[in-house]
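Just below is one structure, and these are the notes that go with it.
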Amino acid sequence: MRKILKLTNRRNFLFGLSSLAAISAGVISRGFDRHQKIEALDHHQRDFTVSQGLSLKERAAKKGLIYGTTSTKKYLTSDPAYMAAIVENCRMFVPEWEFKWTAGNALLRPGFDRFDFSAADWIANFSATHQLLLRGHTLVWHSSLPKWFKETVNSENAEQLLQNHIQTFVKRYAGKIHSWDVVNEAIKTEDGRDDGLRITPWLNSLGTNYIDLAFRLTSAVDPQALLVYNDFGLDYDTPKDEAKRDAVLKLLAGLKSQGTPIHALGIQAHLSPGGNNKFNPEKLRQFLKDVASLGLKIMITEMDVTDKNLPVDIKVRDHIVAGVYEDYLATVLDEKAVIAVITWGLSDRYSWLSEFEPRGDGTPVRPLPLDTQMRRKLAWNAIARAFDNAPQR
Ligand code: XIL
């Protein structure tokens, strides 16, 4: 008996040891796996040298491209250095808050029949003063809607509300807008509809035709503006992004086939290296080609590169972020239908990601071309190199 016990104990001991080894191997391999993924991303040997002298907007313009950014009246009026950096580097500007129904400290739509244009007018004047091409963002979105919206809007009054919004707001700036994000983020395949449409108050109150209606109303009021459908989650070789690319392509093809006055796709390009996001340039190229084959232009409308999944070491983070900027832009700028690149902010001091996607370790995020002191980072060099190496439009 004792012998069996001894054997059993020995066997249990060996089993325990092997399980411990397996678990720790698993943990180590996962750690290695994650570390390898980071290592694979981190091009600390990679060179981001760039020729001196030209700003981002000048490098973009040399290739027939437009570079721009977003910001708010609040940031621009309180930070002259930031305003100067934007004017120096940007040809295009898109308000982060002031052209939405409500966002931040802006309230364009205080009521069903009411508008407050003060903040939007300030943005339009700022853009005109500094010869910035102005983007309108965004007319129809499920987010940034005032409290009264969900309490008031229904299938009886939604069309009147949408018509009044577009005919009043778009008319006010007609002829001054380079492009409108007419509809934003209307696709969400996880909502389970065959057409992939996101279930929103607009869909619920107006049906699937709300998208075509919004484009037709906008075109009627400002025939000069480029009319854009804008969305995110189109970038990576993941089942979710693949499904979204398919649904967006079907939406765009359907709109074009019914004569909707749509001119471009806006790809937000909120990028996130590390984690399970695999970047597959060939897949992205094919998607851009498919969009362009519909006769549409393409704008990269909200680009930033979150470092939330990257190591705390700033040198490592900045290298990886820069590599993502250059690799992504090298891919998309090969497609000549791409006409503009807008980063969602110019300086880390004002990135929405500080609040929306903070790092787990609490260290400040570093997703944008300039640091919090308006100094150029490797990401600035990476964007500059991508413009310098882009094919001429
Ligand atoms: C964000 C702004 O950056 C935030 O300041 C605001 O509180 C919410 O909206 N996709 C979009 C943008 O189309 O309008 C969003 O901007 C970011 C995600």
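Keep in mind that this is a model prediction, so the values were computed, not measured.
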Can you list the steps and then say if Arg366 with Ile314 is a side-chain contact (heavy atoms from CB on, under 4.5 Å)?
CA-CA 8 Å; Arg366 296 174 63 88; Ile314 285 179; 3.4 Å; yes
Would you call [X] and [Y] a side-chain contact if the rule is heavy atoms closer than 4.5 Å?
X	Y	value
Asp116	Leu107	no
Ile66	Ile339	no
Asp327	Pro281	no
Ile383	Arg59	no
Leu134	Ile123	yes
Leu370	Tyr82	no
Arg193	Ile199	yes
Val183	Trp202	no

Taking a hydrophobic cluster as the set of Ile, Leu, Val, Met, Phe, Trp and Tyr residues connected by side-chain heavy atoms closer than 4.5 Å, whether directly or through intermediates, do [X] and [Y] fall within one such cluster?
X	Y	answer
Trp352	Val321	no
Phe232	Val140	no
Trp148	Trp141	no
Val182	Ile177	yes

Please test Asn277 against Asp235 for side-chain contact (heavy atoms from CB on, under 4.5 Å), starting from the C-alpha separation and ending with a verdict.
CA-CA 9 Å; Asn277 286 332; Asp235 317 293; over 6 Å; no
To the nearest 0.5 Å, what is the distance between [atom1] ([X]) and [atom2] ([Y])?
X	Y	atom1	atom2	value
Gln392	Leu65	CD	CG	8.5 Å
Cys90	Leu346	SG	CG	5.0 Å
Met303	Thr343	CE	OG1	9.0 Å
Ile342	Ile300	CD1	CD1	8.5 Å
Leu288	Leu234	CG	CG	9.5 Å
Asp222	Leu227	CG	CG	7.5 Å

Only counting residues at least two apart or in another chain, list the ones meeting ring pair (Phe, Tyr, Trp, His ring centres under 6.0 Å) with His130.
Phe126
Is atom CZ of Phe117 surrounded by more than 12 heavy atoms (other residues, nucleotides or ligands) closer than 6.0 Å?
yes
Can you tell me if CG on Asp194 sees more than 12 non-hydrogen neighbours from other groups inside 6.0 Å?
no
Between Phe169 and Phe99, is the ring centre distance below 6.0 Å?
yes
Do Tyr350 and Tyr75 make the cut of ring centroids closer than 6.0 angstrom?
yes
Flag, side chain of [X] to backbone of [Y], donor-acceptor distance under 3.5 Å:
X	Y	value
Asp334	Thr331	no
Trp101	Leu139	yes
Lys100	Glu96	yes
Asp307	Leu310	no
Ser257	Gly254	yes
Tyr229	Ala186	yes
Arg393	Pro391	yes
Glu335	Ala337	yes
Arg349	Thr372	yes

Applying salt bridge (Lys or Arg N to Asp or Glu O under 4.0 Å), can you list everything that pairs with Lys188, at least two apart in sequence or on another chain?
Asp191
Ionic contact status for [Y] with [X], cut-off 4.0 Å:
X	Y	result
Asp241	Lys283	no
Lys278	Glu242	no
Asp361	Arg359	yes
Lys377	Asp371	no
Arg245	Asp290	no

Here's one to test your reading of the geometry: is the NZ or CZ of Arg109 within 45 degrees of the ring axis of Phe149 and under 6.0 Å from its centre?
no
Checking Arg135 against Phe93: charged group under 6.0 Å from the ring centre and within 45 degrees of the axis?
no
Would you please classify the geometry between the Trp344 ring and the His137 ring as parallel, tilted or perpendicular, with 30° and 60° separating the classes?
perpendicular
If you apply the rule side-chain contact (heavy atoms from CB on, under 4.5 Å), what do you find for Val332 with Ile267, and how did you get there?
CA-CA 10 Å; Val332 300; Ile267 298 176; over 6 Å; no
So which heavy atom on [X] is nearest to which on [Y], and how close?
X	Y	answer
Ala264	Leu296	N-CD2, 3.8 Å
Arg198	Ile187	NH2-O, 3.8 Å
Tyr210	Leu206	CB-CB, 3.7 Å

Please say which of Asn184, Asp231, Asp181 ends up in a side chain to side chain donor-acceptor pair (under 3.5 Å) with Gln268.
Asn184
